[in-house]
Amino acid sequence: MREVEPGPGGGVIRFARSELRVLVAVNGAVFWGWDGAGPEPSYALAGASPEPDPRAELEPDTDGGWRVVAERVTVAVSRHGALEVLTPGGVTLRRDLPPRWWEAEDGGPARWMQRSEVPADARFFGPGGPVEGPRPRDGAHRLGNGVTGTGSTAPVTMPVQLVVADAGTHLLFVDNPWDGTLTLREGAEGAGSGHDRVGTSELRMEGGPVRGWVMAGTPARVLLTWASLAGAPALPPAWAFGHHHVREGAGGEDEVRRVVAGHLERGLPLDAVHLGNGHLNGGRAFTVDQDRFPKLPVLADELRREGVRLVSVVPAAVRAEDRRGEGAFPDLPDARVRYAGQAARGFAGVWHTVDGSDPFGRVDALCLGRAAHEGLRDEVPADERPLVLSPSGWPGSQRYGGVWSGEGAAGWPGLRASLARVVGLGLCGVPFSGPDVVGGGRDGGFELYVRRLQLAAYLPLLRTGAVGPADGGPWGYGAAVLGHARVALGERRRLLPYFVTLAHLARRTGAPMVRPVWWPAPEERQLRDCEDAFLLGDALLVAPVLEPGAVRREVRLPRGRWYDTATGRAYEGPAKVLVDAPLERIPVFARAGAVLPVRAEDGGTELEVWAPAPGRSGGGLVVPESGDDGDGPEAERYSVTRSGPRVVVRRETEDGAQEPSRPVRVRGLDGTGGQM
């Protein structure tokens with residue numbers, strides 16, 4: 001260390017051959033950048049970099065180092081350039097060693113590497129698409145576009161790392177879109193002569209700036225801070241939380257009508273049909289094959305009256321009409337680039353087919369989402385919101401839409417990986433995602449199809465594909481599978497108001513809709529290792545069946561009382577319980593005291609309340625669908641109290657507690673549910 005230049009929120013520290021910029025922002029996030037790298041410009045940030053915290057400043061530390069003390073975090077820089085992030089109580093969350101550079105022989109960009117250490121008990125989560133799970137295994141993980149090791153074609157690269165330890169939770173974002181490799185090794189307590197072995201993270205990048213952000217606190221606080229930096233997630237339209245069906249074939253308008261009628265006649269809820277490349281004229285983006293779709297706007301209006309929207313595929317490249325087989329990419333980083341004409345054709349949204357085979361950067365994929373979202377937003381009616389889905393992106397993509405992760409890997413391992421991907425993306429700030437549920441072909445058996453559909457029914461995005469070469473839905477597997485599908489899709493339809501509420505809360509708080517079971521209690525170590533179940537919001541725990549032939553499964557329940565929603569039986573956590581998981585359903589548990597908005601038989605919204613344990617209380621939030629492009633109405637807050645056999649539900653307002661204006665159904669009092 002040679003020189004220190006204090007400034008608002010931190011300052012610049014100069015060494016013999018490098019310099020480090022450190023600042024703590026007003027939202028508590030910590031920025032660090034080496035050799036002149038600053039927070040801007042950045043595609044990841046929702047706007048300008050947050051202002052520095054005027055109360056935080058560089059001050060001398062022990063052993064010749066310097067530190068910045070802020071309300072939520074302390075940042076210490078040693079005289080040799082190691083950067084340490086600590087809790088306000090002085091407990092280390094992470095330690096980043098100075099980076100190393102390798103100059104290219106041909107004068108190209110300099111590669112660099114940075115090694116970091118975390119506590120021995122810490123567990124890594126994220127970084128989204130490139131790895132197989134929300135908790136990546138020890139070893140190297142590629143940060144870059146391309147097909148993943150599981151065979152998935154969803155190259156959503158989120159260089160976002162969530163680290164959970166006893167001392168606290170923190171998130172690291174390395175703001176660099178270049179290709180790289182992340183090598184992880186979890187630590188171990190008491191390893192080697194009774195000493196702890198710290199966890200390590202080694203990041204190697206092929207070029208680009210050496211800069212990043214760190215934010216610390218509870219998981220909820222961390223994701224809120226991350227959302228304030230990278231932007232609030234887009235709010236999908238309410239129908240987007242229903243059932244989407246993808247038609248990739250070359251059939252025309254009558255084929256679409258047949259598919260829709262096939263679902264509705266069999267009692268299968270359907271909310272959207274996604275048209276694939278088969279409806280385009282020669283595969284060219286933004287075109288329609290007029291021979292097979294001569295009256296597309298008329299078809300769209302007809303289906304909308306049935307409650308079904310049309311969504312169009314959009315390839316990344318625009319193929320030239322007069323130069324067959326060639327195409328061009330629009331200048332997507334130009335903020336003036338917009339989609340045009342899609343709403344006039346009758347489409348309520350678009351889905352992109354960018355994948356690792358395209359010569360397409362991750363930042364370009366973010367800009368593609370922006371062009372689609374802002375173009376559609378300008379065209380759709382004022383009381384509607386557009387839907388944009390992409391398999392690729394970069395931090396900030398959530399501002400414009402969600403992620404569809406394709407079919408993923410084949411077989412039962414692919415089922416487990418699809419769950420892990422949704423959980424991991426949620427922890428990276430992308431709450432709206434889901435895999436495609438496909439049947440036949442490579443996977444064959446109907447059991448896997450049923451289990452895929454049952455899992456997807458509780459994930460934010462539910463898209464199904466054709467079963468067999470000619471059929472459009474699960475009836476292709478026979479009456480038994482059709483019955484199971486009807487139950488799964490019916491439950492999804494019933495939970496639509498709950499999904500809408502979670503989407504509004506995700507936009508306002510950054511909290512994922514699908515959460516790991518440790519979310520409310522990261523200090524409970526046993527929950528950190530649970531990867532075969534998840535929380536849907538804070539009210540439901542879903543335990544999908546991930547193994548063939550299983551009709552029972554073990555479920556780890558967090559602390560508190562939980563009700564099996566199928567039987568009404570109460571369980572006290574923390575505990576491991578063995579429950580039935582027949583082919584017709586998967587285990588789902590409701591937290592005691594929870595309030596869920598659900599769809600009533602008359603199509604309205606009612607409150608499903610799960611009785612608190614005797615002497616305990618509960619509550620929940622409900623955000624009704626507003627139908628506009630704003631942030632929606634205020635959340636309705638409900639409280640639940642129990643005294644003996646009596647459960648009282650009140651709506652809490654500024655004027656005091658009131659009777660709920662919605663129907664209420666209390667469950668869990670007698671094991672079978674009841675009416676209040």
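The figures that follow rest on heavy atoms only: side chains count, while hydrogens, waters and symmetry mates do not.
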Seminar exercise, completed: So salt bridge (Lys or Arg N to Asp or Glu O under 4.0 Å) across residues 532-545, not counting sequence neighbours, yields Asp532-Arg553

Under 3.5 Å, sequence neighbours excluded: what are the donor-acceptor pairs made by side chains of residues 220-233?
unit_1, atom_1, unit_2, atom_2, d
Thr225, OG1, Arg221, O, 2.9
Trp226, NE1, Cys428, O, 2.9
Ser228, OG, Asn27, ND2, 3.0
Ser228, OG, Thr225, O, 2.5

Problem set entry | ring-ring contact (aromatic ring centres under 6.0 Å, His included) contacts touching residues 505-531 (sequence neighbours left out) | Phe125-Trp518

Seminar exercise, completed: Residues passing the salt bridge (charged side-chain N to carboxylate O under 4.0 Å, His left out) test with Glu554, sequence neighbours excluded, are Lys576

Problem set entry | Partners meeting salt bridge (charged side-chain N to carboxylate O under 4.0 Å, His left out) with Glu584 (sequence neighbours left out) | none

Between [X] and [Y], does any side-chain N to carboxylate O distance fall below 4.0 Å?
X	Y	answer
Arg494	Glu608	yes
Arg304	Glu384	yes
Arg585	Glu491	no
Glu547	Arg451	no
Asp529	Arg556	no
Asp436	Arg463	yes
Arg137	Glu531	yes

Side-chain polar contacts of residues 495-503 - donor-acceptor pairs under 3.5 angstrom, sequence neighbours left out - could you list them?
unit_1, atom_1, unit_2, atom_2, d
Tyr498, OH, Leu536, O, 2.7
Tyr498, OH, Ala539, N, 3.3
Thr501, OG1, Pro497, O, 3.2
Thr501, OG1, Val623, N, 3.0
Thr501, OG1, Val623, O, 3.4

